[in-house]
Protein chains: 2
Amino acid sequence: MRMSRLFGRTLREAPSDAQTPGHQLLLRAAIARPLAAGLYTWLPLGFRVAKKVEQIIRDEQDRIGAQEMEMPVLTPAEYWKETGRWDGLEPITFRTKDHNGREYMVSYTHEEMVMHHARNEILSYRQLPVIVYHFQSKGRDETRPRAGLLRVREFVMKDAYSIDADQVGLERAYASEHSAYVRTFQRLGLAAISVESDTGAMGGDLAHEFQVLTDVGEDTIAICENCDYKANMEKARRKLPDPAPIADVPPAAPIATPGVESIEALEASLQRPPSAFLKTLLLRTPKGVVAVVLPGDREANDAKLRKLLDVPQITFAGDADFAAAGGVAGFVGPVGLTGRVIVDSSVEPRGYVAGANQKDTHLDNVLAGRDYPDAERADVHDVKPGDLCPKCGGTLKLARGVEVGNIFSFETYYAEKMNATYLAEDGTRKPFYFGSYGIGVSRAVQTVIETNHDDKGIIWPFAVAPYEVHVVALPMNDETVRTTADALVSTLEEKGVEVLFDDREESAGVKFADADLIGIPYRVTVSKRSLQSKSVELKARASTEAELVPQDMAVDRLVDIVRRAREAAAR
Amino acid sequence: MRMSRLFGRTLREAPSDAQTPGHQLLLRAAIARPLAAGLYTWLPLGFRVAKKVEQIIRDEQDRIGAQEMEMPVLTPAEYWKETGRWDGLEPITFRTKDHNGREYMVSYTHEEMVMHHARNEILSYRQLPVIVYHFQSKGRDETRPRAGLLRVREFVMKDAYSIDADQVGLERAYASEHSAYVRTFQRLGLAAISVESDTGAMGGDLAHEFQVLTDVGEDTIAICENCDYKANMEKARRKLPDPAPIADVPPAAPIATPGVESIEALEASLQRPPSAFLKTLLLRTPKGVVAVVLPGDREANDAKLRKLLDVPQITFAGDADFAAAGGVAGFVGPVGLTGRVIVDSSVEPRGYVAGANQKDTHLDNVLAGRDYPDAERADVHDVKPGDLCPKCGGTLKLARGVEVGNIFSFETYYAEKMNATYLAEDGTRKPFYFGSYGIGVSRAVQTVIETNHDDKGIIWPFAVAPYEVHVVALPMNDETVRTTADALVSTLEEKGVEVLFDDREESAGVKFADADLIGIPYRVTVSKRSLQSKSVELKARASTEAELVPQDMAVDRLVDIVRRAREAAAR
């Protein structure tokens with residue numbers, strides 16, 4: 001490919017709203033361009049990267065026997081309504097109607113569509129197990145698209161779906177996708193770790209995310225410093241410290257706290273640490289108002305709460321809700337509160353200071369069980385650095401990560417909602433055991449950039465580089481340089497090497513800066529100076545060293561380098 | 001691929017609403033399945049066909065130097081509004097809004113998006129010419145999706161866009177895409193002819209369609225029996241016969257025609273042929289009511305009228321329009337009509353019987369020019385079989401066709417509407433010359449089936465067959481048959497042959513019927529009987545003859561057949 005004809009120009013400066021190094025570089029190196037917030041075009045260079053990423057994902061899916069197919073982007077409302085996700089997904093999806101008034105979703109994922117096809121295509125246990133997958137555009141109406149391709153409103157996802165006769169089959173499929181993901185991310189040059197995660201809007205119970213740890217990530221991951229426990233913040237648990245021996249807790253007694261309406265104010269006023277207080281959150285959910293009681297030094301975990309309450313959304317309660325529950329804003333506490341009360345598992349069996357549900361008043365020595373006996377106990381808090389690992393008791397730390405893949409085990413959740421069954425060997429009808437497995441292509445590409453660059457530009461891992469060799473001719477208007485570079489490029493291309501050829505009439509400074517920015521693994525410079533010693537200059541993007549290679553050995557040398565690099569990348 | 005695991009089952013009978021042989025076969029052979037009217041899933045077999053079709057299209061685009069990229073499915077309203085197509089395309093497109101109220105179209109095509117990228121990426125004439133393309137899903141809200149994949153509401157189109165500095169460049173790009181299309185359809189096994197066509201909703205002036213002639217087509221093509229003139233009905237012209245010498249036409253005179261409100265009634269009542277009458281259509285357009293005058297034996301051409309009037313849509317006028325124009329329903333004629341009147345070029349300089357715009361009355365001897373002097377003359381009629389070729393005067397015939405591709409030359413139409421310019425060599429800013437070039441993948445696949453089948457099933461051209469060899473083991477529960485077939489399949493697959501292996505425990509009848517239905521080019525049967533003579537049976541799908549091939553020569557023979565067939569398909 002000749003750069004003089006390449007569609008998409010490099011930029012000296014990134015637009016000021018580019019938020020992360022990867023975002024800046026993908027714009028500067030002409031990898032992708034936005035058409036609107038969260039809607040991106042792959043320019044030709046980026047398209048080649050995306051296709052290589054896609055092919056690696058495909059290879060690994062094919063290796064485990066998954067079958068590729070393709071479902072549409074527009075999906076009829078009727079299937080989503082069978083599982084109840086039509087309403088649940090409304091806030092984060094795009095909808096459309098045809099001119100007859102029929103409704104469609106720009107597909108969020110394709111579980112319902114696969115389940116529908118499965119119930120029509122798979123009649124008998126003899127046709128099981130099956131894994132199908134496709135690469136298809138997904139729509140997500142993100143209110144805040146973020147950081148280039150890290151969070152967009154349309155992206156191509158590889159989504160795979162396993163259909164099994166029973167739990168054992170599902171576990172086998174889940175394990176096989178898990179190992180395909182490990183190989184996939186390895187080949188992509190992504191140091192992804194697998195962490196336990198919440199199933200969120202997907203339904204089901206068991207799920208893992210593949211996270212690449214980087215400061216630009218928006219997820220928080222709890223990682224044990226001792227064992228292999230890793231979990232997304234939404235799911236992370238901790239081992240509770242052994243309770244202190246229960247001393248006699250005196251009866252709860254009111255204390256006057258005029259104008260003291262927050263944990264911070266209590267700290268200042270009573271001179272006790274945050275852990276001495278209870279905070280009580282009144283939350284509004286589609287199923288009514290719920291109170292949540294936590295120690296003053298713990299935060300409520302939205303995902304855990306949504307899971308526990310089985311609701312899609314939770315917001316803070318309003319004034320009317322406070323009145324109805326018998327609470328007074330700023331002085332809410334669990335004692336005497338009406339309605340559903342959840343006490344977090346981190347609340348210890350000791351006395352706390354809590355709101356008295358009375359203006360300017362708190363209660364001291366509030367004891368769970370004794371003073372508010374009807375509360376349900378549940379783990380609804382965020383873990384913190386230094387918490388104990390739930391698996392080994394070691395110390396947890398927190399890290400930022402980008403989720404590059406996720407896998408879900410749904411068991412019979414979808415099959416039951418959609419009445420999707422097959423004829424089992426024993427003559428009865430049984431529901432399908434179902435799993436789904438996603439990787440977003442564009443987020444993977446940007447995460448590669450986030451974790452493979454220096455201050456000059458991208459350093460593509462060989463496996464996903466847009467081209468393999470970047471030939472720079474200096475200067476192009478020198479007859480010998482031009483014909484030598486032309487011949488080198490043609491010979492390399494005939495031998496199947498992917499070459500980007502900088503044939504522009506630009507200065508050495510511009511050309512080298514662009515080569516570093518675009519980040520092709522090997523750069524070959526054909527210059528007047530190198531030709532004086534009958535050589536070309538070879539430099540790996542990842543290295544600072546350049547070497548002179550005799551002109552007549554350049555092709556063989558490059559073909560050999562590329563062959564070895566391809567072999568390594570295919571492993 | 002083992003058929004026991006293949007996702008998608010063959011059907012003995014096509015659903016009763018399957019309208020064409022291709023539609024029936026693609027459902028029966030598990031090529032595609034509908035999710036809703038006009039929304040189809042490629043099952044794994046069909047997916048392989050679609051990908052081969054896509055790869056052939058890609059090869060031929062790459063061969064002419066086009067660069068692949070990828071634009072999103074959701075396209076912001078703002079770009080469509082720059083060209084005025086946001087409103088114009090409303091009736092046939094899907095729209096959506098995000099939760100902030102911003103509007104998007106499920107993209108109809110991508111001209112506006114390419115033009116937007118071009119004005120940002122291409123600064124100078126040095127970066128021209130460029131051809132870019134992508135494969136991307138398109139939405140079309142067809143009110144009547146039809147015949148399987150022939151007319152759907154979502155499909156993947158390869159759309160290419162040429163950007164040039166001037167008209168000469170554009171013509172070169174247009175010719176080069178035209179020849180890429182000729183090669184593409186040849187390789188796909190489609191006997192496509194290139195015909196002149198209307199630009200319709202696309203804008204611009206020059207366009208060609210590639211049509212495959214088949215009775216299931218919904219387009220009508222005029223073809224000269226003598227020369228190479230071919231045109232879509234929307235565009236087809238004819239040579240008008242030399243006018244008869246103008247005799248003196250007596251003055252127009254009323255004749256009483258009580259209750260005679262149609263051409264048919266006039267024929268019966270006055271005993272004259274349809275060509276003796278004028279019919280006058282009152283049509284409503286977004287620009288007002290227009291009257292169109294044609295001979296009684298000619299039909300108005302909607303596309304020509306829309307083009308002439310520069311309106312997106314035309315409907316018949318209502319009662320109020322008749323009154324306003326001075327016409328009386330059933331007795332409308334050009335004489336005395338107010339408003340815009342178009343007289344079709346096929347109206348000859350002689351007297352006709354026409355409506356008198358007065359109840360129960362017609363006028364005889366109505367002469368164009370004399371009796372309704374303000375009418376504009378234009379070609380707005382359909383050609384008919386037997387009309388004269390506009391190019392050579394030969395005879396036109398009509399045929400049905402499926403449009404499998406189209407190419408458009410827009411000149412500076414889009415660039416001017418979108419203010420998309422580059423810095424020319426002379427230092428001035430000039431608009432881009434623009435063309436666009438489309439092929440719908442799914443329609444191409446079904447057209448291959450429509451033109452390549454017999455009463456037993458599909459007969460895939462080798463180049464696009466889902467697999468190359470179909471191995472049938474009979475019966476699977478015979479140890480020797482099974483191990484022989486297994487070994488044959490493994491060896492063929494190791495040698496890179498694409499094999500579909502019928503390993504199911506089904507009868508010979510079911511297996512052979514499925515093999516004929518699915519239509520893989522070569523079928524190899526491993527049976528107890530063939531193994532008695534240490535042979536396997538080889539049969540080409542397109543042939544009625546089978547032959548026995550010695551077992552130890554089968555692999556070499558098949559590898560050789562496949563190699564030759566691949567070479568032929570790549571030409």
TODO: Under 4.5 Å heavy-atom distance to chain B, tell me which part of A:H117 shows up: side chain, backbone, both or neither.
DONE: both
Task: Heavy-atom closest pair, residues B:R9 and A:E121 - done: N-OE1, 2.7 Å
Open item on the list: Using 0.5 Å steps for rounding, measure from the CD atom of B:Q67 to the CE atom of A:M1.
Closed with: 3.5 Å
Open item on the list: Can you see whether B:H99 engages A:T143 through a side-chain donor-acceptor pair at a distance of less than 3.5 angstrom?
Closed with: no
TODO: Answer with side chain, backbone, both or neither: which region of A:I163 has an atom nearer than 4.5 Å to a non-hydrogen atom of chain B?
DONE: side chain
Open item on the list: Can you tell me which portion of B:V73 sits under 4.5 Å from chain A's heavy atoms? Options are side chain, backbone, both or neither.
Closed with: both
- [ ] Please state whether the side chain, the backbone, both or neither of B:L11 comes within less than 4.5 Å of a heavy atom of chain A.
- [x] neither
Open item on the list: Rounded at 0.5 Å granularity, tell me how far CZ in A:R153 sits from CZ in B:R102.
Closed with: 7.5 Å
Task: Portion of B:E68 that has a non-hydrogen atom of chain A nearer than 4.5 angstrom - done: both
Task: chain A contact via B:I131 - which portion, at a heavy-atom distance below 4.5 Å - done: neither
- [ ] Measure distances from A:L128 to the heavy atoms of chain B and classify the residue's part below 4.5 Å as side chain, backbone, both or neither.
- [x] backbone
- [ ] Could you pull out the closest heavy-atom pair between A:E154 and B:L74, with the gap in Å?
- [x] OE1-N, 2.8 Å
Open item on the list: Less than 4.5 Å to any heavy atom of chain A: does that hold for the side chain of B:Y40, its backbone, both, or neither?
Closed with: backbone
Open item on the list: If I take atom CG from residue A:L35 and atom OH from residue B:Y79, how far apart are they, to the nearest 0.5 angstrom?
Closed with: 5.0 Å
Task: Contacting region of B:M3 [heavy-atom separation from chain A under 4.5 Å] - done: neither
Task: Euclidean distance, A:D98 CG relative to B:I92 CD1, rounded to 0.5 Å - done: 14.0 Å
TODO: Answer with side chain, backbone, both or neither: which region of A:Q136 has an atom nearer than 4.5 Å to a non-hydrogen atom of chain B?
DONE: side chain
